[in-house]
Every structure is written in structure tokens, then in C-alpha cells.
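A short write-up of the structure that comes next.
When reading the values below, keep in mind they use all heavy atoms of this one structure, side chains included, and skip hydrogens, waters and symmetry mates.
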Amino acid sequence: MTNIRNGMLAGAAATAVLSMLMIMKAAMGLMPQLDLPAMLATMMGRPGMPFVGWVVHAVIGIVGYGLVIALVDRGGEGNMAGRGMLIACIGWLTMMVVLMPMAGAGLFGMGMGIMAPIMTLILHLVFGAVLGSAYGALKRRAHTGSAA
């Protein structure tokens, strides 16, 4: 149960970092057509309600990715940031071949141009690095706390 709690906490940390980057991207006017919360809200049948997209984004990041990193943890130390980045790359690929076409952006989001897959990959890699690093730190803290 500790792994799942740690996974959710790590997912929350990674989602917070990703959300801040997404808000900064929007504030700078970079690729305004790549508005993931708006896309998610539209896919959920709530166009014009980006709050719905932000909630879905948070659930995917905290619950979805949090559970995945906890479930793939085999107990060893290893490079948790690397594991998180691998998980995030799988999520990115799924987004590119399933969600982007469903949202009308085409395979790999190419309907928005070449920067869409590049930018989303970078964001996913940052997300994954934070996810894995936070999970690893929480795991180490739990082990040193139980040993004391």
C-alpha cells in the first residue's frame, strides 16, 4: 500500500510541475493551438470548459501514472528517473497515436505542425523525470524511516 501512496504523491508532484510548464507555455503564447486541457474537455463532451480538461489531466497524472510507477516497481534501487521517463514515453506514444487523432489533430498531432510531437515529448520527459525521482525519494524515505 505504501508503494501506491508514494506513486500517487509522485504523480501529484509531477503533475504540478507539468501543469506549471503548461501554464507558462500558454502565457508565453507558444503553440496556442496545443491546449491540452481544452482538447481533453472537448473529448469529454465539455467544449469551452477547460476546467474539466484540467481535472482529467490531474487524474491521469496522479492516479494513472501514480499507479503505474507503483505497480512496475520491483523493489530495487535502480534509476527511478529513467523508469519514470520510460513510462512517460509510453504515455506520450499513446497520446500521439490514440488521443491526438481522436481530438482531430491527426497522428502524432501533425495537424498542428512538427512542434506538437516535439513539445509534448519534452513535456512528457520532464514529467517522467519528476515522477521517477519523486517516487524514488519517497521510497528511500519510507525505507530509512522504517529502519529507524
- Heavy atoms only: give me the nearest P37-P50 pair and the separation to one decimal. CB-O, 4.0 Å
- Message: If you compare all heavy atoms of I87 against all heavy atoms of I69, which two are closest, and at what distance to 0.1 Å?
- Response: CD1-CA, 3.9 Å
- Query: Are V17 and M8 co-members of a hydrophobic cluster defined by side-chain heavy atoms under 4.5 Å apart?
  - Reply: no
- Query: Does the K25 side chain pair with the main chain of M31, one donor and one acceptor, at a distance under 3.5 Å?
  - Reply: yes
- Chi angles and distances behind the side chain to side chain contact (heavy atoms under 4.5 Å, CB included) call for Y135, N3: CA-CA 9 Å; Y135 182 80; N3 283 0; 3.2 Å; yes
- Message: Surrounding CE of M110 (heavy atoms of other residues, nucleotides or ligands, distance under 6.0 Å), is the total greater than 12?
- Response: yes
- Query: Looking only at heavy atoms, which two atoms of G109 and A116 are closest? And how far apart?
  - Reply: O-CB, 3.6 Å
- Are the aromatic rings of F108 and W92 close, with centres under 6.0 Å apart? yes
- Note on the structure: Shortest non-hydrogen pair, H124 vs A88, comes out as O-CB, 3.1 Å
- Distance-only polar pair, side chains of S19 and H57, donor-acceptor under 3.5 Å: yes
- Message: For residues L125 and I60: do they belong to one hydrophobic cluster (side chain heavy atoms under 4.5 Å, members Ile, Leu, Val, Met, Phe, Trp, Tyr)?
- Response: yes
- Item | Co-membership, hydrophobic cluster, residues V130 and L9, 4.5 Å side-chain | no
- Message: Please give me the minimum heavy-atom distance between L34 and M100, naming the atom from each residue.
- Response: CD1-CE, 3.8 Å
- For P117 and I114, which heavy atoms make the closest approach, and how far apart are they? CD-O, 3.1 Å
- Query: Is there a path from I118 to L18 through hydrophobic residues (I, L, V, M, F, W, Y) whose side chains come within less than 4.5 Å of each other?
  - Reply: yes
- Query: Transitively linked via ILVMFWY side-chain contacts under 4.5 Å: M102 with M95?
  - Reply: yes
